[in-house]
Amino acid sequence: MAFFRAMNSSRVSCTPIAAELIAKLKQLHNCDLLFHQSGGCCDGSAPMCYPIDDFKVGASDVKLGEIEGCGFYMSAAQFEYWQHTHLMIDAVPGRGSGFSLEAPEGMRFLTRSRLLTDSEKGELLG
């Protein structure tokens with residue numbers, strides 16, 4: 001499963017398809033972006049992409065890392081459940097949430113996850 005191999009023990013990374021979509025969104029919207037892993041409700045649990053100035057990161061949000069220069073966050077409560085996983089952000093055909101920037105593009109971001117390896121746990125949970 002090399003597809004899910006984290007590089008440098010990161011908590012989050014993305015596929016080449018997601019990287020292409022992020023670059024397209026940056027160009028279309030002419031701004032920096034950020035991601036927040038939604039916790040459920042009407043959107044399910046999905047990576048949401050926003051212009052950086054349109055989303056307020058709160059004190060209870062945890063930064064997992066960056067993908068393509070975009071900060072990636074989730075709530076601290078959700079992080080308690082996901083702290084032992086590596087998240088791979090992918091982009092697939094379909095319509096995602098109306099709140100996330102990719103919705104009009106006919107693509108949606110999708111989170112795939114796997115457990116951290118023992119060496120990654122040592123580095124990240126250390």
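Computed over heavy atoms, backbone and side chain alike; hydrogens, waters and symmetry mates excluded.
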* **Check against side chain to side chain contact (heavy atoms under 4.5 Å, CB included), Asp90 and Cys14** => CA-CA 6 Å; Asp90 199 0; Cys14 69; over 6 Å; no
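- Residues Gln37 and Met48 have side chains not in contact (no heavy-atom distance under 4.5 Å, counting atoms from C-beta outward).
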* Report the C-alpha distance between Ile89 and Thr15 in whole Å, list the side-chain angles of each, state the deciding distance to 0.1 Å, and finish with yes or no for side chain to side chain contact (heavy atoms under 4.5 Å, CB included). => CA-CA 6 Å; Ile89 307 308; Thr15 65; over 6 Å; no
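- By the 4.5 Å heavy-atom criterion applied to side chains, Arg112 and Leu110 are counted as neighbours.
- By the 4.5 Å heavy-atom criterion applied to side chains, Phe79 and Asp61 are not counted as neighbours.
- Between Glu66 and Lys63 there is a salt bridge, since at least one side-chain N of the basic residue sits less than 4.0 Å from a carboxylate O of the acidic one.
- Considering Ile67, Leu34, Leu25 in turn, Leu25 is the only one that fulfils the side-chain contact (heavy atoms from CB on, under 4.5 Å) rule with Cys49.
- Counting heavy atoms from C-beta outward, Arg108 and Arg95 have side chains that stay 4.5 Å or more apart.
- Within 6.0 Å of CD1 on Ile17 lie no more than 12 heavy atoms contributed by other residues, nucleotides or ligands.
- For the atom pair CD1 of Ile22 and CD of Glu102, the computed distance is 9.5 Å after rounding to the nearest 0.5 Å.
- Ser13 and His86 are linked by a side-chain donor-acceptor pair at a separation below 3.5 angstrom, with hydrogens and angles left out of the test.
- Note: Phe109 and Phe35 meet the aromatic proximity criterion, with ring centroids under 6.0 Å apart.
- Atoms NE2 and NZ, from His29 and Lys24 in turn, are 9.5 Å apart once rounded to the nearest 0.5 Å.
- Taking CH2 from Trp82 and OG from Ser75, the interatomic distance works out to 10.5 Å, rounded to the nearest 0.5 Å.
- The hydrophobic cluster containing Tyr81 also contains Met74, counting ILVMFWY residues as joined when their side-chain heavy atoms lie under 4.5 angstrom apart, directly or transitively.
- Using a 4.5 Å cut-off on side-chain heavy atoms (C-beta onward), Thr85 and Arg11 make no contact.
- You'll find the ring centres of Phe55 and His36 inside the 6.0 Å limit.
- Phe99 and Val57 end up in the same hydrophobic cluster when Ile, Leu, Val, Met, Phe, Trp and Tyr side chains are linked at under 4.5 Å.
- When side chains are defined from C-beta on, Tyr50 does not count as touching Leu33, because their heavy atoms never get closer than 4.5 Å.
- Contact between Cys70 and Lys26 at its shortest, heavy atoms only, is SG-CE, 3.5 Å.
- No side-chain N or O of Glu120 forms a donor-acceptor pair with one of Ser10 less than 3.5 Å apart.
- Minimum heavy-atom separation, Cys31 to Pro51: SG-CB, 3.7 Å.
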* Steps toward side chain to side chain donor-acceptor pair (under 3.5 Å) verdict (Ser45, Gln78) -> CA-CA 10 Å; Ser45 184; Gln78 191 173 13; 3.2 Å; yes
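- Leu64 and Leu115 fall into different hydrophobic clusters, where Ile, Leu, Val, Met, Phe, Trp and Tyr are joined by side-chain heavy atoms under 4.5 Å apart, directly or via other members.
- Counting only heavy atoms from C-beta outward, the side chains of Leu116 and Leu124 approach each other to under 4.5 Å.
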